[in-house]
Amino acid sequence: MRILLLASAFNSLSQRLHAELRDRRHTVEVRLAGDDDELRAALRDLAPDLLLAPMLRTAIPEDVWSALTCLVVHPGPPGDRGPSSLDRAVQEGTADWGVTVLQAEAEMDAGPVWAWEPCRLPPLGKSDLYRNEVADAAVRAALRAVERFAAGSYAPRPQHGPSWREPVRVRPYLRQEERRIDWAADPTEAVLRKLRAADSQPGVLDTLAGDAWYLHGGHPEPLLRGRPGELVATRAGAVCRATADGAVWIPELRRRRRPGEPETFKLPAVTALGALLPALPEAPAPLTAEEDGQRTWTDLEYREEGPVGFLRFSFPGGAMATDHCRRLLAAYRFALRRPTSVLVLGGGRDFFSNGIHLNVIEASPDPAAESWANITAMDDLVAEVLTTTDRLVVAALGGNAAAGGVMLALAADEVWCRAGAVLNPHYRLMGLYGSEYWTYTLPRRVGPARAERLTRQALPVSAAAAERIGLVDRVLDHGPGEFGPAAAHLAGLLAASPATLRRIAAKKAARAADEAAKPLAAYREEELAVMRRQFFTPESPYHALRSAFVRKRPAPAGPLART
């Protein structure tokens, strides 16, 4: 079928559905919502069979939904209505949830139901749940609805009448008044639910250091304490803030926009506060887990199971600033000193990596210099993985990866990813050529012709398609919480295989042969020569594209993708 994908943003769910529909040989066009006349022109030009809206903040015009079947993906179970469904579910601590695909009508979220899928909501951040449990349910429901529409015989179930049994819950937008944290009275569990319900957007509006800030993300702290509301420590760019009965780590802040100023954006909390940050102790977490069982938040962790080492990292939004890269490199070098034969890199349940940290770069007094520092730190990390010849390295992608994050994974000997992961192996949409040795690793996996198409077309790739073209080696069809244990089990089998030692020896010989043919330093020099021009040329598209991206300005009208 010809399907028009309408979305307010080409976000993770929109990208995943785009990739999944293409895998099923549908012709898919993408349009961003907001310009109704442009949408009407697209309908005339494309003549789609169906409109599917996976992420929509505005209503579809009546003349559109009355002329064409329009299916809306709503992140709530049947009967749930309102613009803050998932936010409210997380803030209220709801465990059983779902996703509904319904037909657009005059009343928002009230149209006939074409499909729905239940899902569980573990106590995690909204954005993590949206990319994982909710996205899994949304894809299953949307694909089932598309199949039912294509069959032509399915009658969607109206949300009224004797056959409708679910209660209708119409709930308003979740405003900051309901998100507000009472630091003197709210227990840690309530604080965490409020922070998690707003972790990506819109954040929780609060006051820090005499200014108004949006707080993004939250993790419990088992030991540190202080006067409720005060900052008590820092760690890896995050700040620890005392609650009525404990403390929480807040990784990112966004200053409230003042009238007449440009849009603000999220930054690591310590970076955002800058000189406003009071003198606080740095409370580093151990790289290896403490034996006393007191689990504290950390973005880097190493553990071992026999001959297998596991180096987990989890950076907000998958972005890796210069400091992230350097700390991960130090942790990787620590892991290389351990007596293991297999090292698993990643294995968490959300983002693997999205490459350099565009927000930190945008906030820098010298964005070009910070871009250069960030990309060279990424290159140092990737080079260390590429030149590891005394063990097998597995990149375990529990979630999405993009740009340099994909290339970091490709530096490993094997790439395993969860079935729900989406890969964007390109840099083009940010106006960059790219580095991280991609001109070496990508062609050796998929061939020069396909490598050129992937980087030129700049389309998201599903896990199944990535396995089919050789971009990844194994797809694990597990839920977000089961991916890590499943990858650990497979890594144990890999380490126990008699073939592993032979593979390590062959790997070392192959690396020596490749180095003799063309040194890794040559790939790096060629890539960075282009990147240097793009970073340090003021007229380079990269600077305008980066600024628009981090400030969430509307993208130019027109098609995003066509197949």
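Residues Val90 and Asp199 are not in side-chain contact: their nearest non-hydrogen atoms beyond the backbone lie 4.5 Å or more apart. Between Met55 and Leu17, every side-chain heavy-atom pair lies at or beyond the 4.5 Å cut-off. Contact annotation: the side chain of Trp213 approaches that of Leu276 to within less than 4.5 Å [non-hydrogen atoms, C-beta and beyond]. Between Pro122 and Leu124, some side-chain heavy-atom pair lies under the 4.5 Å cut-off. Between Glu436 and Asp379, the closest side-chain pair of non-hydrogen atoms falls below 4.5 Å. Leu328 places a side-chain heavy atom less than 4.5 Å from the side chain of Leu300. In this structure the side chain of Leu13 reaches within 4.5 angstrom of the side chain of Val139, judged on heavy atoms. Between Leu192 and Pro220 there is a side-chain heavy-atom pair separated by less than 4.5 Å.
Arg235 and Thr296 form a side-chain donor-acceptor contact under 3.5 Å, judged by distance and modelled atom types alone.
Counting only distance, with no hydrogens or angles, the side chain of Glu221 and the backbone of Trp297 share no donor-acceptor pair below 3.5 Å. A donor-acceptor contact shorter than 3.5 Å links the side chain of Thr264 to the backbone of Arg255. The backbone N or O of His543 lies less than 3.5 Å from no partner atom in the side chain of Ser547, so there is not a single donor-acceptor pair. Using a distance-only test at 3.5 Å, with no hydrogens or angles considered, no donor-acceptor pair links the side chain of Arg553 to the main chain of Val550. Remark: the backbone N or O of His478 is paired with a side-chain donor or acceptor of Arg418 at under 3.5 angstrom. Side-chain N or O atoms of Lys126 include one that pairs as donor or acceptor with a backbone N or O of Gln201 at under 3.5 Å. No donor-acceptor pair under 3.5 Å is formed between the side chain of Asn354 and the backbone N or O of Ala403. Counting only distance, with no hydrogens or angles, the side chain of Arg131 and the backbone of Phe351 share no donor-acceptor pair below 3.5 Å. Side chain of Glu527 to main chain of Tyr437: a donor-acceptor pair is present (N/O by atom type, distance under 3.5 Å, no hydrogens or angles). Panel note: side chain Glu362, backbone Pro367; no donor-acceptor pair is recorded below 3.5 Å.
Ion pairing between a basic and an acidic side chain is recognised when a charged N comes within 4.0 Å of a carboxylate O; Asp211 and Arg258 show such pairing. A salt bridge links Arg241 to Asp206: at least one charged side-chain nitrogen sits closer than 4.0 Å to a carboxylate oxygen. Between Arg333 and Glu384 there is a salt bridge, with a side-chain nitrogen of the basic residue lying less than 4.0 Å from a carboxylate oxygen of the acidic one. Comment: Arg180 does not engage Asp186 in a salt bridge, judged by the lack of any side-chain N to carboxylate O separation of less than 4.0 angstrom. Under a 4.0 Å N-O distance rule, the pair Glu263/Lys552 does not qualify as a salt bridge. Ion pairing between Asp473 and Arg445 holds under the 4.0 Å rule for side-chain N and carboxylate O. The pair Glu452-Arg456 counts as a salt bridge, with a side-chain nitrogen and a carboxylate oxygen less than 4.0 angstrom apart.
Rounding to the nearest 0.5 angstrom, the gap separating the CG atom in Asn359 from the CZ atom in Phe549 is 7.0 Å. Rounded to the nearest 0.5 angstrom, Trp372 CH2 and Phe536 CZ are separated by 7.0 Å. Separating the CZ atom in Arg349 from the CD atom in Glu482 is a distance of 9.0 Å, to the nearest 0.5 Å. Expressed to the nearest 0.5 Å, how far CZ of Arg551 lies from CZ of Arg546 amounts to 9.0 Å. Remark: Thr243 OG1 to Arg227 CZ distance equals 13.5 Å, nearest 0.5 Å. Thr271 OG1 to Glu252 CD: the interatomic distance, rounded to the nearest 0.5 Å, is 10.0 Å.
Using cut-offs of 30° and 60° on the angle between ring planes, the pair Tyr542 and Phe535 is tilted. The aromatic rings of Tyr302 and Phe334 sit perpendicular, their planes meeting at an angle over 60°, well past the 30° parallel limit.
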Apply side-chain contact (heavy atoms from CB on, under 4.5 Å) to residues Leu215 and Leu253 and explain how you reach the verdict. CA-CA 5 Å; Leu215 317 182; Leu253 300 174; 3.4 Å; yes
side-chain contact (heavy atoms from CB on, under 4.5 Å) between Arg16 and Asp136, intermediate numbers included: CA-CA 10 Å; Arg16 184 170 168 189; Asp136 287 355; 2.7 Å; yes
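Residues meeting the side chain to side chain contact (heavy atoms under 4.5 Å, CB included) test with Ala321, sequence neighbours left out: His324, His357, Val360. A search for side chain to side chain contact (heavy atoms under 4.5 Å, CB included) contacts involving Thr388 returns Tyr332, Leu336, Asp390, Arg391, Val393, Lys507, not counting sequence neighbours. When the side chain to side chain donor-acceptor pair (under 3.5 Å) test is applied to Ser14, the partners found at least two apart in sequence or on another chain are Asn11.
Both tests do not hold together for Lys518 against Tyr440: distance to the six-membered ring centre under 6.0 Å, angle to the ring axis within 45°.
With a 6.0 Å radius and a threshold of 12 heavy atoms from other residues, nucleotides or ligands, Glu261 has its CD atom above the threshold.
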List, one per line, each side-chain donor-acceptor pair under 3.5 Å for residues 308-319, sequence neighbours excluded.
| residue | atom | partner | partner atom | Å |
| --- | --- | --- | --- | --- |
| Arg312 | NE | Glu301 | OE1 | 3.4 |
| Arg312 | NH2 | Thr298 | O | 3.2 |

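Sorted by first and then second residue, the salt bridge (Lys or Arg N to Asp or Glu O under 4.0 Å) pairs with a member in residues 366-377 form an empty list; sequence neighbours excluded. Counting only residues at least two apart or in different chains, salt bridge (Lys or Arg N to Asp or Glu O under 4.0 Å) contacts with residues 265-278 are absent.
Listed here is the closest heavy atom pair of Gln534 and Leu432: OE1-CA, 3.5 Å. What you find for Ala412 and Val385 is that their closest heavy atoms are N-CG1, 4.0 Å. Pairing each heavy atom of Gly226 with each of Val232, the nearest pair is CA-CG1, 3.9 Å. The heavy-atom pair separating Leu410 from Leu471 by the smallest distance is CD2-O, 3.5 Å. Between Ala463 and Val475, the closest heavy-atom pair is O-CG2, 3.4 Å.
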